[in-house]
Amino acid sequence: MGKSSLLACFSLFLVLPPCLAADPDLLQDICVADLSSNVKLNGFACKPAASITEADFFFRGLAVPGDTTNTTTGYLVTAANVEKIPGLNTLGVSFSRVDFAPGGLNPPHTHPRATEIVFVLDGTLDVGFLTTANKMVAKTITKGDVFVFPRGLVHFQKNSGAVPAASISAFNSQLPGTQSIATTLFAASPPVPDHVLTEAFQIGTKEVEKIKSRLAPKKAAEEAVN
Ligand code: GLV
Ligand code: MN
């Protein structure tokens, strides 16, 4: 490639939309997800236009607090993503509501497909994320505050107060995906071999087995929401 073509490529790169944007751009007004289709695309297949209704764009599930009483670490995520709102397909956005019991923890996790911006509805949360340089960026936030968790970075939220707390998060993906660090490593199916975990965490097999038995599939199911 000649010098001038290289320069042209570089200039093109500068004017193109950033490659790191989240979900791909839409190619039509709407593409309401056909959640029952077996056709696999980068997203969901579109329903026939004739069967689209306002219900495809509506969800009441964030209006009421989630019940945190029987959860392992005192928090419950209610997702409002494309799986709940089929009209979100191809639009690149979604919400979730998180309710926290006093002391409740949304354990360290990442969203591989989205940046998250959280708004505190009620209460006080200790929140933070970790950069790839292992720097922790953390803050205590309270009702009305906003905090950002950049795409792909491990983050957490803990209700440090003595009363319940709640937050709403927006994501730049119709389906951000969630990988919770502890359950990803200790409750995978098939399981991550003990020798991988003993070496990674510098602990013994007994400790690994103990953690695995505590993070049984129940917890993995609780976290598989986004
Ligand atoms: C909160 O971090 C969430 O992922 O909903
Ligand atoms: Mn999150």
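Note: hydrogens, waters and symmetry copies are ignored here, and every other heavy atom, side chains too, is used.
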[X] side chain to [Y] main-chain N or O, any donor-acceptor pair under 3.5 Å?
X: Thr71; Y: Gly74; answer: yes
X: His109; Y: Pro107; answer: yes
X: Thr142; Y: Gly123; answer: yes
X: Thr73; Y: Leu105; answer: yes
X: Asn89; Y: Phe44; answer: yes
X: Thr131; Y: Lys135; answer: yes
X: Asp23; Y: Gln174; answer: yes
X: Thr115; Y: Arg151; answer: yes
X: Arg97; Y: Ala79; answer: no
X: Asn159; Y: Val163; answer: yes

> According to the interplanar angle, ranging from 0 to 90°, do the rings of Phe147 and Phe129 count as parallel (below 30°), tilted (30 to 60°) or perpendicular (above 60°)?
Replying inline: tilted
> Considering all heavy atoms of both residues, which atom of Leu91 and which atom of Asp29 are nearest to each other, and what is their separation?
Replying inline: CD2-O, 4.4 Å
> Which heavy atom in Leu76 sits nearest to a heavy atom in Gly66, and how many Å separate them?
Replying inline: CD2-CA, 3.7 Å
> Where do Leu121 and Lys143 land on the side chain to side chain contact (heavy atoms under 4.5 Å, CB included) test, with the steps shown first?
Replying inline: CA-CA 5 Å; Leu121 288 175; Lys143 184 171 178 162; over 6 Å; no
> When you look at Phe171 and His111, which way does the ring-ring contact (aromatic ring centres under 6.0 Å, His included) test go after all the steps?
Replying inline: CA-CA 9 Å; Phe171 301 89; His111 305 291; 5.0 Å; yes
> Could you walk me through whether Met136 and His155 pass the side chain to side chain contact (heavy atoms under 4.5 Å, CB included) check?
Replying inline: CA-CA 9 Å; Met136 185 166 83; His155 59 278; over 6 Å; no
>> For the OG atom of Ser160 and the CG atom of Asp126, what is their distance to the nearest 0.5 Å?
In response: 3.5 Å
>> Rounded at 0.5 Å granularity, tell me how far CG in Asp99 sits from CG in Asp67.
In response: 9.0 Å
> Below 4.0 angstrom, N of the basic side chain to O of the carboxylate: do Asp145 and Lys139 qualify?
Replying inline: no
Would you give me the side-chain donor-acceptor pairs under 3.5 Å for residues 199-207, sequence neighbours excluded?
unit_1 : atom_1 : unit_2 : atom_2 : d
Gln202 : NE2    : Glu199 : O      : 2.8
Glu207 : OE1    : Gly204 : N      : 3.0

>> Does Val146 form a side chain to side chain contact (heavy atoms under 4.5 Å, CB included) with Ile117? I'd like the steps, not just the answer.
In response: CA-CA 7 Å; Val146 164; Ile117 178 164; 3.5 Å; yes
> Would Ser36 and Asp34 count as a side chain to side chain donor-acceptor pair (under 3.5 Å) if you check the C-alpha gap in whole Å, the side-chain angles of each, and the deciding distance to 0.1 Å?
Replying inline: CA-CA 5 Å; Ser36 64; Asp34 179 353; 2.8 Å; yes
>> Is there a path of hydrophobic side-chain contacts, each under 4.5 Å between heavy atoms, that joins Val192 and Ile211?
In response: yes
> Does any non-hydrogen side-chain atom of Lys47 lie less than 4.5 Å from one of Ser37?
Replying inline: no
